[in-house]
Amino acid sequence: MKPSIPKGTRDFSPQEMVKRNYIFDTIKQVFQRYGYLPIETPAMENLSTLMGKYGEEGDKLIFKILNSGDFLSNVDTNLILNADSKLLTNKISEKALKYDLTVPFARYVVQHQHEITFPFKRYQIQPVWRADRPQKGRYREFYQCDADVIGSNSLVNEVELVQLIDDVFTKLNVPVLIKINNRKILSGIAEIIGEKDKIITITVAIDKLDKIGVDGVNKELQENGVSHSAIEKLQPLITFEGSTLEKLNFLKQLLGNSEIGLKGIEEVEYIFKTVDSLGLNTAKTELDITLARGLNYYTGAIFEVKSNAGTFTSSICGGGRYDDLTGIFGLPNMSGVGISFGADRIYDVLNELNLFPESVAASTKLLFVTFGEAEQNYCLPLLAKARTAGINSEIYPDAGAKMKKQMGYADDKKIPFVVIIGSDEMLNGLLTLKNMTTGEQAKITIDSIIEELK
RNA sequence: GUGGCCAUAGUUCAGUUGGUUAGAAUAUCGGUUUGUGGUACCGAGGGUCGUGGGUUCGAGCCCCAUUGGCCACCCCA
């Protein structure tokens with residue numbers, strides 16, 4: 001049988017893992033710098049925890065786990081014969097792989113509310129699974145790196161997240177554009193054009209503006225039952241172009257009669273003003289009225305980050321504020337805001353732009369090369385000594401192996417230093433240290449080697 | 001869930017109008033070289049041509065089905 005792995009999943013070889021860890025380490029370091037604490041949640045959640053939180057499409061993309069044992073034994077035969085997959089699913093599956101980190105986090109907060117000091121800042125780096133059809137930059141198993149603050153309504157949190165995004169991508173050398181919008185503005189727009197209850201339809205449609213154009217958006221709105229006059233009223237809003245300030249002034253005029261719309265404008269204005277006065281390192285920001293984001297639970301600010309270089313156009317980071325995600329689990333009035341970095345897409349961007357630093361490739365720093373068992377025995381204590389001193393080192397395990405083989409091993413693993421030990425070296429304790437980059441060799445003691453490589 | 005493209009050594013790909021034993025590069029292993037890697041030269045192993053059926057004297061090549069991969073839509077990190 002030919003070995004294989006499920007569609008959309010991947011193996012990661014050492015060369016890739018080293019690069020992936022560089023991304024995880026960078027993000028983790030910034031998370032910690034901002035005072036976020038780590039948690040982990042299980043790979044699987046109860047299906048009921050996840051269903052209904054991601055919109056209709058989202059529910060379909062959740063990987064369901066078949067119940068253990070004779071999973072059909074308690075199912076009504078009629079239900080099976082009717083072949084209604086949707087109804088049957090609930091009977092034969094009660095667990096699912098997690099779809100994102102935010103909903104499990106909300107569940108966690110409710111369940112552990114009495115142990116948590118609020119506001120609670122947590123970070124979480126774990127894989128999530130989506131039963132999507134894989135394509136470029138889209139995987140069925142991928143890692144999200146989330147930072148969320150829950151239990152605080154302050155917009156300072158939004159500002160801080162923008163700075164955090166800037167810090168991460170500055171460290172990774174990726175030029176990015178942070179798009180910001182607010183669901184309240186979108187609610188205001190829906191209100192003003194007289195289609196308040198069609199907010200989701202409208203936001204989903206105008207989210208596609210840059211892909212399908214104005215005509216495409218209008219067509220989709222019409223198909224979904226949005227009235228002609230409403231579409232008419234919407235036109236100036238989606239076609240307006242200008243600076244952030246101009247956009248805000250324009251919105252204030254148009255949404256003047258919408259309380260929620262004005263609240264959204266006020267929030268966005270604060271975020272932009274504060275971020276501007278503090279300044280960002282490398283990231284650019286933009287108010288994008290067409291940014292909607294499909295996830296159902298967002299209620300305030302929404303963020304989306306895209307690379308400004310290369311061909312990779314999908315978002316590499318996204319997030320927003322959710323006012324009542326914990327309410328579903330029995331803890332109301334607990335507002336949170338967070339962002340999620342897509343590690344796998346960031347990997348693809350760094351790879352395309354050649355932004356991985358050379359230094360991340362090597363892990364082992366020193367290899368002991370020997371000519372036989374006697375030499376190997378002589379080396380083992382020296383190896384231990386080097387390791388105790390904090391130098392990543394290893395010995396070629398097969399004592400009789402040819403030099404070419406051992407040197408080739410060092411070369412292949414990009415080990416920068418090799419220490420060669422034969423009878424001469426054992427006799428006087430002066431070891432041959434070879435610099436694999438320059439080819440230079442010197443005879444020195446183990447203590448000097450340790451001193452030099454520390 | 002809908003649509004398009006593709007499938008030949010571990011990997012990237014050749015393979016003529018259908019014609020004898022399916023090739024190259026690269027990677028791997030061995031040797032040139034029993035104390036020196038990256039370069040060079042020589043050699044070896046490695047394939048049910050994704051799978052199943054059909055057409056044909058004959059199929060890697062043509063036809064059908066199926067599976068898998070890539071890409072786009074939907075949606076998203």
Side-chain angles (χ1 to χ4, degrees), chain A residues 1-10 13 23 27 54-62 85-86 99-102 125-146 165 200 203-205 207-208 211-212 216 220 291-296 298 302-307 312-320 338-349 367 369-372 375 396 400-426 431-441:
Chain A
M1 142 179 154
K2 251 190 185 166
S4 66
I5 55 175
K7 190 199 282 277
T9 64
R10 297 152 300 156
S13 298
I23 295 171
I27 292 173
Y54 308 108
E56 209 177 316
E57 276 304 308
D59 283 354
K60 287 186 202 157
L61 300 180
I62 294 171
S85 313
K86 219 172 172 183
Y99 179 91
D100 75 350
L101 301 179
T102 310
I125 297 176
Q126 288 192 266
V128 300
W129 293 268
R130 294 184 187 177
D132 224 342
R133 200 176 280 208
Q135 52 184 280
K136 191 180 162 88
R138 170 169 305 180
Y139 309 100
R140 290 185 136 182
E141 178 185 57
F142 61 97
Y143 272 73
Q144 290 195 325
C145 312
D146 277 37
I165 293 168
I200 292 182
T203 53
V204 166
D207 191 43
K208 295 177 196 160
K211 265 189 187 169
I212 60 178
E220 183 162 330
L291 175 63
R293 297 186 59 74
L295 294 179
N296 272 355
Y298 291 125
I302 39 185
F303 306 105
E304 189 162 287
V305 181
K306 288 182 175 183
S307 166
F312 213 87
T313 53
S314 335
S315 69
I316 50 178
C317 178
I339 44 149
S340 179
F341 292 85
D344 306 78
R345 288 184 174 176
I346 293 173
Y347 181 99
D348 292 339
V349 170
L367 177 75
V369 167
T370 65
F371 293 104
E375 288 89 342
Y396 196 87
K402 290 180 178 162
M403 269 221 103
K404 182 189 170 81
K405 182 95 184 159
Q406 301 192 51
M407 297 298 281
Y409 178 82
D411 194 52
D412 192 53
K413 280 186 88 171
K414 294 192 164 63
I415 299 172
F417 292 97
V418 159
V419 58
I420 300 163
I421 294 175
S423 47
D424 287 0
E425 285 84 354
M426 287 205 295
L431 315 179
T432 302
L433 179 71
K434 177 170 176 129
N435 180 325
M436 293 295 280
T437 321
T438 63
E440 284 172 327
Q441 299 191 182

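First the proteins, then the strands, lettered A, B, ... as listed; each starts at 1.
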Electrostatic pair A:Asp100:A:Arg130 at N-O distance under 4.0 angstrom: no

Close side-chain approach of A:Tyr396 and A:Thr370, heavy atoms under 4.5 Å: no

Whole-Å C1' distance, B:U2 and B:A77: 23 Å

Show me the protein contacts with nucleotides 66-69 of chain B, counting only N or O atoms at under 3.5 Å.
unit_1: B:G69; atom_1: OP2; unit_2: A:Lys7; atom_2: NZ; d: 2.8

Touch class at under 4.0 angstrom, heavy-atom based, for A:Tyr143 against every strand present: nothing

Secondary structure string for RNA chain B (Watson-Crick or G-U under 3.5 angstrom, | for other-strand pairs): (((((((..((((.....[...)))).(((((.......))))).....(((((..]....))))))))))))....

Heavy-atom protein contacts under 4.0 Å, nucleotides 36-41 of chain B, coded B base, S sugar-phosphate only, - none: BBB---

Parallel, tilted or perpendicular: rings of A:Tyr99 and A:Tyr54 (30°, 60°): tilted

Any donor-acceptor pair under 3.5 Å from A:Asp207 side chain to A:Ala292 backbone: yes

Sugar-phosphate only, base, or nothing, as touched by A:Lys306 at under 4.0 Å among non-hydrogen atoms: nothing

Sugar-phosphate, base or nothing in reach of A:Thr102, heavy atoms under 4.0 Å: nothing

Any donor-acceptor N/O pair, A:Gln441 side chain to A:Thr432 backbone, under 3.5 Å: no

Pairwise C1' distance for B:U17 and B:U21, with rounding to whole Å: 23 Å

A:Leu433 and A:Leu431, any side-chain heavy atoms less than 4.5 Å apart: no

Partners passing salt bridge (charged side-chain N to carboxylate O under 4.0 Å, His left out) against A:Glu220 (at least two apart in sequence or in another chain): A:Lys208

Pairwise C1' distance for B:U20 and B:A27, with rounding to whole Å: 31 Å

Integer-rounded Å distance: B:C73 C1' and A:Leu61 CG: 14 Å

Flag side-chain contact, heavy atom, 4.5 Å: A:Gln144 against A:Gln126: no

Atom-to-atom span, CD of A:Glu304 to C1' of B:C76 - whole angstrom: 9 Å

Salt bridge (charged side-chain N to carboxylate O under 4.0 Å, His left out) partners of A:Glu425, counting only residues at least two apart: A:Lys443

Rounded distance in Å - CG (A:Leu291) to C1' (B:C75): 14 Å

NZ or CZ of A:Arg10 within 45° of A:Tyr139 ring axis and under 6.0 Å: yes

Rounded distance in Å between the P positions of B:A40 and B:G68: 42 Å

Distance between P atoms of B:G3 and B:C74 (Å, rounded): 16 Å

A:Gln135 side-chain N/O to B:C70 phosphate OP1/OP2 under 4.0 Å: no

Check: B:C75 base within 3.5 Å donor-acceptor of A:Arg133 side chain: no

Nearest-nucleotide comparison on RNA chain B, the residue closer to the 5′ end among A:Glu220 and A:Lys136: A:Lys136

Pairwise C1' distance for B:A14 and B:A24, with rounding to whole Å: 7 Å

Interatomic distance where CH2 belongs to A:Trp129 and P belongs to B:A77 [whole Å]: 16 Å

Whole-Å distance separating the CD1 atom of A:Ile62 from the P atom of B:C75: 17 Å

Results of salt bridge (charged side-chain N to carboxylate O under 4.0 Å, His left out) for A:Arg138 - residues two or more places apart only: A:Asp132

Whole-Å distance separating the CG atom of A:Asp146 from the C1' atom of B:A77: 9 Å

Length of the line joining A:Phe303:CZ and B:C76:C1', which is rounded to integer Å: 18 Å

Phosphate OP1/OP2 of B:G31: any A:Lys402 side-chain N/O under 4.0 Å: yes

Heavy-atom side-chain proximity of A:Ile420 to A:Phe371 below 4.5 angstrom: yes

hbond_proxy A:Arg130 side chain to B:A77 base (donor-acceptor, 3.5 Å cutoff): yes

Touch class at under 4.0 angstrom, heavy-atom based, for A:Cys317 against every strand present: sugar-phosphate

Gap between atom CD1 of A:Ile339 and atom CD1 of A:Ile302 - 0.5 Å precision: 14.5 Å

Any A:Pro416 side-chain heavy atom under 4.5 Å of A:Met436 side chain: no

Euclidean distance for P, B:A9 against B:C41 (whole angstrom): 26 Å

B:C75 base / A:Arg138 side chain donor-acceptor hit below 3.5 Å: yes

Sugar-phosphate only, base, or nothing, as touched by A:Asp344 at under 4.0 Å among non-hydrogen atoms: nothing

Interatomic distance where OH belongs to A:Tyr298 and C1' belongs to B:C75 [whole Å]: 14 Å

B:U48 to B:U56 separation - P atoms, rounded to the nearest Å: 28 Å

